[in-house]
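Predicted, not measured: the structure shown is a model, and the values here were computed from it.
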Amino acid sequence: MARRNKILVPDARRGLDELKAKVAQASRPEDAKFEAAEEVGVPLQKGYNGQLTSEQAGKVGGRLGGSMVRELVKMAQQNLAKK
């Protein structure tokens, strides 16, 4: 699968993938979107998913992205509290 998002710090890819798996409670980063889709009731399958509506796709991406941002903010707050 081609990655469309350009990460400004390429070395951060692995850390972001691990965070994605953590927030989706998936064992592997590749499975994170399927776990998120299952949670919000979207019939996401491996391969082509052209039958999904924009709303359904947004539910999956929003669930993952929002959870990742919340976790990153939480990590930053904890880091600031330590200083």
Enter the distance from [X]:[atom1] to [Y]:[atom2] here, rounded to the nearest 0.5 Å.
X     : Y     : atom1 : atom2 : value
Ser67 : Glu39 : OG    : CD    : 8.0 Å
Leu19 : Leu16 : CG    : CG    : 6.5 Å
Glu30 : Asp17 : CD    : CG    : 7.0 Å

Apply the test salt bridge (Lys or Arg N to Asp or Glu O under 4.0 Å) to residues Glu18 and Arg14: give CA-CA distance (whole Å), side-chain angles for both, the deciding distance (0.1 Å), then the verdict. CA-CA 6 Å; Glu18 289 172 5; Arg14 192 184 67 179; 3.7 Å; yes
For residues Arg63 and Ala36, report the shortest heavy-atom separation together with the two atoms involved.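 Closest approach of Arg63 to Ala36, heavy atoms only: CG-CB, 3.8 Å.
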In terms of hydrophobic clustering (I, L, V, M, F, W, Y; side-chain heavy atoms under 4.5 Å; direct or indirect links), are Val69 and Leu64 co-clustered?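 The answer is no; the residues belong to distinct hydrophobic clusters.
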Going by the side-chain contact (heavy atoms from CB on, under 4.5 Å) test, name the single residue among Glu35, Lys33, Met68 that passes it with Lys20.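 Between Lys20 and the candidates, side-chain contact (heavy atoms from CB on, under 4.5 Å) is satisfied uniquely by Met68.
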Run the salt-bridge test on Arg28 and Asp31 with the 4.0 Å N-O cut-off and return the result as yes or no.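 Looking at Arg28 and Asp31, the cut-off is met.
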With a sphere of 6.0 Å drawn around CD of Gln78, does it hold more than 12 non-hydrogen atoms of other residues, nucleotides or ligands?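 Yes, the 6.0 Å shell around CD holds more than 12 heavy atoms from other groups.
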side-chain contact (heavy atoms from CB on, under 4.5 Å) evaluation trace for Gln45 with Gln51: CA-CA 10 Å; Gln45 303 169 15; Gln51 78 285 0; 4.3 Å; yes
